[in-house]
Amino acid sequence: MTTFDYLLAALIMGGVTFALRAFPFVARHLIAHQPRIQALGQRLPVAMMLLLTLYAMGVHRWQSLAQGKAQILAVLLVAVLQLWRGQAMVSILSGTFLYLALMNGWLGF
């Protein structure tokens, strides 16, 4: 292939990628009022957080509960903050900070 062929292929791939990523924003006014889309918008963020949490907790093979102490405490903090405040960003950042603090020994546990 010549340089022009590579350039043309890159432009086509870039255009297709841009179009696929822009489509939800362009079609938003067409699909925003669909009941299924609204139901997905309400349930999908929580479902994704749950799946990621289950995956993250499941990839480790703990021999005892003490080995998973940092992860369990961080997950509990995220769950409590999410139920109490309902702010995903605050919950996730707090859980992440707690996990890092426990893993690095910043809190002395």
Side-chain angles (χ1 to χ4, degrees):
M1 290 180 73
T2 65
T3 304
F4 178 74
D5 293 336
Y6 281 113
L7 180 61
L8 184 61
L11 288 174
I12 291 171
M13 286 187 291
V16 169
T17 300
F18 178 78
L20 288 173
R21 292 186 182 199
F23 176 74
F25 300 103
V26 173
R28 183 177 181 188
H29 69 281
L30 297 173
I31 62 174
H33 303 291
Q34 298 293 327
R36 288 183 181 164
I37 299 298
Q38 291 176 349
L40 281 175
Q42 292 174 350
R43 294 181 180 99
L44 202 54
V46 175
M48 292 308 297
M49 285 177 60
L50 179 64
L51 286 174
L52 288 171
T53 302
L54 291 175
Y55 172 76
M57 296 296 280
V59 295
H60 299 285
R61 302 286 179 241
W62 303 325
Q63 301 300 324
S64 69
L65 191 60
Q67 291 178 341
K69 174 182 66 173
Q71 289 176 321
I72 292 169
L73 290 175
V75 167
L76 287 175
L77 178 67
V78 170
V80 167
L81 285 176
Q82 184 62 30
L83 290 172
W84 176 48
R85 302 295 293 169
Q87 303 244 339
M89 186 64 75
V90 171
S91 302
I92 294 169
L93 289 176
S94 299
T96 302
F97 178 76
L98 178 64
Y99 178 73
L100 289 174
L102 290 171
M103 291 303 291
N104 290 313
W106 298 340
L107 299 179
F109 284 105

State which residues pass side chain to side chain contact (heavy atoms under 4.5 Å, CB included) with L8; sequence neighbours excluded, sorted by chain then number. F4, I12
Please output the side-chain donor-acceptor pairs of residues 78-92 that fall under 3.5 Å, not counting sequence neighbours, one pair per line with the distance.
{"residue": "Q82", "atom": "OE1", "partner": "A88", "partner atom": "N", "Å": "3.4"}
{"residue": "Q82", "atom": "OE1", "partner": "S91", "partner atom": "OG", "Å": "3.1"}
{"residue": "S91", "atom": "OG", "partner": "Q82", "partner atom": "N", "Å": "3.2"}
{"residue": "S91", "atom": "OG", "partner": "Q87", "partner atom": "O", "Å": "3.0"}

Any donor-acceptor pair under 3.5 Å linking the side chain of H33 with the backbone of L30? no
All side-chain hydrogen bond (donor to acceptor under 3.5 Å, both in side chains) counterparts of N104, not counting sequence neighbours: none
Results of side chain to side chain contact (heavy atoms under 4.5 Å, CB included) for I72 - residues two or more places apart only: M57, W62, L65, L76
Restricting to non-hydrogen atoms, name the atom on S94 and the atom on L77 that form the minimum distance, rounded to 0.1 Å. O-CD2, 3.5 Å
Would you mind listing the cluster partners of Y99? Hydrophobic ones only (ILVMFWY), side-chain contacts under 4.5 Å, chaining allowed. M103
Taking ILVMFWY side chains as joined if any heavy atoms are under 4.5 angstrom apart, and letting links pass through other members, which residues group with L52? none
Given the rule that I, L, V, M, F, W and Y join up when any side-chain heavy atoms are under 4.5 Å apart, are V75 and M49 in one cluster? no
Test of understanding: with side-chain hydrogen bond (donor to acceptor under 3.5 Å, both in side chains), list the residues that count as partners of T17, not counting sequence neighbours. none
Quick one: name the residues clustered hydrophobically with L11, using the 4.5 Å side-chain heavy-atom rule over I, L, V, M, F, W, Y, and just say none if it's on its own. L7
Could you tell me which non-hydrogen atom of G95 sits nearest to which non-hydrogen atom of A74, and how far apart they are? O-CB, 3.5 Å
Residues 4-13 vs side chain to side chain donor-acceptor pair (under 3.5 Å), sequence neighbours excluded, gives T2-D5
Taking ILVMFWY side chains as joined if any heavy atoms are under 4.5 angstrom apart, and letting links pass through other members, which residues group with L54? L50
The complete set of side chain to side chain donor-acceptor pair (under 3.5 Å) pairs with one or both residues in residues 39-55, sequence neighbours excluded, reads none
